[in-house]
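Notes for the one structure printed next.
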Amino acid sequence: MAKATLQVKGIDELVGKLKRNAKLDDVKEVVKLNGSEMHTNAQRKAPVAKKGGGNLQRNVRVYIEDNDFTARVKSEADYAAYQEYGTRFQPGTPHIRPAYYEQKERFKRDMKRLMK
């Protein structure tokens with residue numbers, strides 16, 4: 001399945017600053033908002049077959065986990081990885097990765113805004 005991970009370095013400093021400058025509920029809202037936006041963007045970017053398709057779009061899901069501190073967007077169609085990465089017979093049509101890379105910058109910007 002297509003999956004992307006964002007790793008934050010310096011988490012102790014981040015938590016310290018967040019405790020001083022922002023409420024943890026604000027962080028949870030940023031996570032939920034960005035997860036929702038990435039979900040919508042991944043669905044929009046998912047390829048759709050000309051003959052009544054849309055299965056890939058319908059099977060993009062967002063999960064809010066870790067006490068609302070993690071948003072995970074996942075394409076759950078059986079063939080999602082083939083669409084995302086391609087095969088030896090066809091090139092991929094990525095939809096999760098582009099949505100992730102676009103959302104990553106918005107998420108960083110939103111988190112920096114909380115820390116000011």
Side-chain angles (χ1 to χ4, degrees):
M1 309 256 171
K3 184 169 95 170
T5 304
L6 174 66
Q7 185 176 35
V8 179
K9 294 181 182 176
I11 195 76
D12 295 332
E13 293 86 8
L14 175 64
V15 169
K17 265 197 162 184
L18 287 172
K19 284 183 179 177
R20 289 190 300 274
N21 297 329
K23 296 177 184 171
L24 291 180
D25 288 341
D26 295 337
V27 175
K28 291 177 181 183
E29 285 303 312
V30 167
V31 169
K32 287 179 188 176
L33 175 67
N34 280 271
S36 175
E37 287 176 356
M38 182 180 162
H39 173 248
T40 301
N41 198 10
Q43 282 183 317
R44 189 173 42 81
K45 291 178 179 299
V48 177
K50 291 180 182 178
K51 289 195 265 178
N55 185 54
L56 191 62
Q57 284 180 328
R58 287 189 302 274
N59 281 289
V60 174
R61 307 265 195 272
V62 63
Y63 298 96
I64 306 298
E65 305 169 334
D66 297 329
N67 200 21
D68 297 342
F69 286 105
T70 301
R72 184 167 51 101
V73 176
K74 183 177 179 184
S75 190
E76 294 183 341
D78 293 339
Y79 57 92
Y82 303 125
Q83 286 293 336
E84 186 73 21
Y85 298 104
T87 68
R88 64 183 176 162
F89 302 111
Q90 73 178 31
T93 309
H95 57 288
I96 297 293
R97 288 177 294 158
Y100 164 75
Y101 289 121
E102 289 175 18
Q103 199 63 46
K104 180 172 90 168
E105 297 307 317
R106 291 184 199 128
F107 177 74
K108 284 191 217 178
R109 187 180 62 236
D110 290 347
M111 290 301 288
K112 283 181 183 177
R113 193 175 301 132
L114 281 181
M115 293 176 60
K116 288 184 180 181

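When the shell of 6.0 Å around OH of Y101 is examined, it contains 12 or fewer heavy atoms from other residues, nucleotides or ligands.
The CG atom of D78 sits 8.0 Å away from atom CG of N59, with the distance rounded to the nearest 0.5 Å. Separation of atoms CZ (R58) and OG (S75) is listed at 12.0 Å; rounding is to 0.5 Å. Summarising the geometry, atom CZ belonging to R72 is positioned 12.0 Å from atom CZ belonging to R61; distances are rounded to the nearest 0.5 Å. Atom-to-atom distance recorded for I96:CD1 and H39:NE2 is 8.5 Å, nearest 0.5 angstrom. Remark: N34 CG to E29 CD distance equals 11.0 Å, nearest 0.5 Å.
Both L114 and L24 sit in one connected hydrophobic cluster of ILVMFWY residues. Membership requires side-chain heavy atoms under 4.5 Å apart, directly or through other members. Under the 4.5 Å side-chain contact rule for hydrophobic residues, I64 and Y100 share a cluster.
Between A80 and H95, the closest heavy-atom pair is O-CE1, 4.3 Å. Closest non-hydrogen pair, A42 versus V73, comes out as CB-CG1, 4.4 Å.
With Q43 contributing its side chain and Q57 its backbone, the two residues share a donor-acceptor pair below 3.5 Å. In this structure, E84 contributes its side chain and R97 its backbone to a donor-acceptor pair below 3.5 Å.
R106 pairs by the salt bridge (Lys or Arg N to Asp or Glu O under 4.0 Å) definition with nothing, not counting sequence neighbours.
When side chains are defined from C-beta on, Y63 does not count as touching T70, because their heavy atoms never get closer than 4.5 Å.
Between the side chains of Q103 and N41, not a single donor N or O lies within less than 3.5 Å of an accepting N or O.
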